[in-house]
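Here's the structure we're looking at; comments come further down.
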Amino acid sequence: MIFSAEDPPLIFSELALHERLQKALDQQQFTQATPVQEATIPEVLKGKDLIVNAETGSGKTAAFLLPMLHHMQNNPAPRSSTRGLILVPTRELARQVLAECEKLAGFTWLKAGIITGGDDFRHQVNTLRKNPEILIATPGRLLEHMENSNTDFSDLEYLVLDEADRMLDFGFSPDMLKIADECREERQTLLFSATMKPKGMGELIRFVLTNPETITLSTARDKHENIHQQIMLSDDNPHKERLLSWLLKHETFDKALVFSNTRDNAEHLFNLLDRQGLQVGVLHGDMDHKHRKQIMNRFQDGQINILVATDVAARGLDIKGVQLVINFDMARSGDDYVHRIGRTGRAGEKGLAIALIGPNEWNLMSSIERYLKTRFEKRSIKELRGSWKGPKKVKASGKAAGSKKKKINKKDADKTKARHRVKKNIGKRRKPAEASGTAVDAGFEPLRRKKS
DNA sequence: AAAAAAC
């Protein structure tokens, strides 16, 4: 099923949600449902298993919270154990989902609890004893509680995987399978992401879901119309650092998010910008939980306006005022890139995303361009212009290619590349189907040669 | 090759 955002918007009251939920929506002045909410809420209420694809910042969280809360509010089950379990990939995202849940459920008696690493274990045992209807959790700590028999999912009605492709990838899938195995079989399972590719994970999905319906909202990764995307070619990291400082000092933004591919480099960039007197913080998985919380709070309420982070901050986080995203290192895949830049341009706002591209990131960048079916705008800063102008033009078939004057018509060049790519892909499709799984998952991988 | 998620 494919929905278009061009249909007239639906007013929340038409969904006939429970009056106490409607009251919370009114209070927060949410009058119109977003397209993903409009498409998903009725289907969840019908009891279907769903795979939902919708772009970053389109309102997916409320799309699963509202129908869950509505159903629970209309069907009280005071003696039931956990009724809804929501799994997310990071602690920060868990806190955010909890906050949204508490807001929407504010006029009901429904309760939500949070179970993540880093927080006090015994305190969480107490939370679980109170038996809230909804649990929001990261997999690792939840499994510990499960092993200690602190949980009971034998009555579970809803299992939700937020950032579902991430939750089912290699890093998380063993934990996910263990958790899903303990959940009541007659439950309803909902998968949400901006970059979900059901074909790439057939077996996992069959294990977790029953007769799922797929809902795909248009423009998941095709358009990103409200995010202006640019690249800057850079010689090396020192050059990138000069570009970074320049951008942070000359661009106008309320908040900026800078992505680095490693924790070490995130720390390094933080120190660099901090020494320059910028209001900056850093976030990565090697920091203790208290510090992580503190930095997030400070970024949220504007005490710092620049956050340097690893991919811990790439998915799901909804921080008001992030108008600039800088990829100091290019994202490792097209999907990672989509999630990173999706921290800006949320809920119809405008945003700017700039990737600094070093000589060894050229191939990565162009494979992401092909994956997104887009061409990034090249930008350079006069005062900081580097010497590297991109890769040397490679000749097509041994004919003269040395002359720099000879410019290839851009459209022709694109066509040539497209043909080349199609041929490669045809070759791949003829291979046995088992190869397709990993190839599709990685985002840009289909365009790369396999390592035999 | 590397981020995240457990203690």
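Throughout, a chain's letter reflects where its sequence line sits, starting with A, and its residues are numbered from 1.
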Quiz: residues 301-310 of chain A side-chain donor-acceptor pairs under 3.5 angstrom, not counting sequence neighbours:
from	atom 1	to	atom 2	distance (Å)
A:Asp301	OD1	A:Gln303	NE2	2.9
A:Thr310	OG1	A:Val312	N	3.4

Starting at [atom1] of [X] and ending at [atom2] of [N], how long is that distance when rounded to a whole Å?
{"X": "A:Glu361", "N": "B:dA1", "atom1": "CD", "atom2": "P", "value": "16 Å"}
{"X": "A:Arg340", "N": "B:dA2", "atom1": "CZ", "atom2": "C1'", "value": "11 Å"}
{"X": "A:Asn327", "N": "B:dA3", "atom1": "CG", "atom2": "C1'", "value": "14 Å"}
{"X": "A:Leu168", "N": "B:dA5", "atom1": "CG", "atom2": "C1'", "value": "15 Å"}
{"X": "A:Asp286", "N": "B:dA2", "atom1": "CG", "atom2": "C1'", "value": "13 Å"}
{"X": "A:Arg122", "N": "B:dA6", "atom1": "CZ", "atom2": "P", "value": "19 Å"}
{"X": "A:Met146", "N": "B:dA6", "atom1": "CE", "atom2": "P", "value": "14 Å"}
{"X": "A:Phe172", "N": "B:dA6", "atom1": "CZ", "atom2": "P", "value": "7 Å"}

### Task
Have a look at A:Arg263 and say if it touches a base, only the backbone sugar-phosphate, or nothing, with a 4.0 Å heavy-atom cut-off.
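Contact class for A:Arg263: sugar-phosphate only.
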
### Message
Using a heavy-atom cut-off of 4.0 Å across all strands, would you classify A:Gly117 as base, sugar-phosphate, or nothing?
### Response
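The residue A:Gly117 makes sugar-phosphate contact but no base contact.
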
### ring pair (Phe, Tyr, Trp, His ring centres under 6.0 Å) partners for A:Trp109, two or more places apart
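A:Trp109 satisfies ring pair (Phe, Tyr, Trp, His ring centres under 6.0 Å) with no other residue.
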
### Task
Using a cut-off of strictly less than 4.0 Å, decide whether A:Arg292 has a side-chain nitrogen or oxygen near OP1 or OP2 of B:dA5.
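Result: yes.
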
### Query
Counting just side-chain N and O atoms, does A:Thr138 come under 4.0 Å of either OP1 or OP2 of B:dA4?
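Result: no.
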
Distance-only donor-acceptor hits, side chain of residues 129-136 of chain A, under 3.5 Å, sequence neighbours excluded:
from	atom 1	to	atom 2	distance (Å)
A:Arg129	NH1	A:Asn126	OD1	3.4
A:Asn131	ND2	A:Ser80	O	2.7
A:Glu133	OE1	A:Lys111	N	2.8

### Task
For DNA chain B, determine which residues of residues 90-99 of chain A have any heavy atom closer than 4.0 angstrom to one of its atoms, and list them numerically.
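Hits under 4.0 Å, by residue number: A:Thr90, A:Arg91.
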
### Message
Do the side chains of A:Lys178 and A:Asp181 get close enough for a salt bridge, i.e. N-O under 4.0 angstrom?
### Response
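Here A:Lys178 does not pair with A:Asp181 in a salt bridge, since their nearest N and O are not under 4.0 Å apart.
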
### Sequence neighbours excluded, every pair satisfying ring-ring contact (aromatic ring centres under 6.0 Å, His included) that has a member inside residues 241-279 of chain A
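For residues 241-279 of chain A: A:Trp246-A:His250.
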
Ignoring hydrogens and angles, write down the donor-acceptor pairs under 3.5 Å from the side chains of residues 344-351 of chain A, residues two or more places apart or on other chains.
from	atom 1	to	atom 2	distance (Å)
A:Thr344	OG1	A:Val322	O	2.7
A:Arg346	NE	A:Asp318	OD1	2.4
A:Arg346	NH1	A:Gly342	O	2.8

### Message
Surrounding CD of A:Glu186 (heavy atoms of other residues, nucleotides or ligands, distance under 6.0 Å), is the total greater than 12?
### Response
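It does: A:Glu186 CD has more than 12 such atoms within range.
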
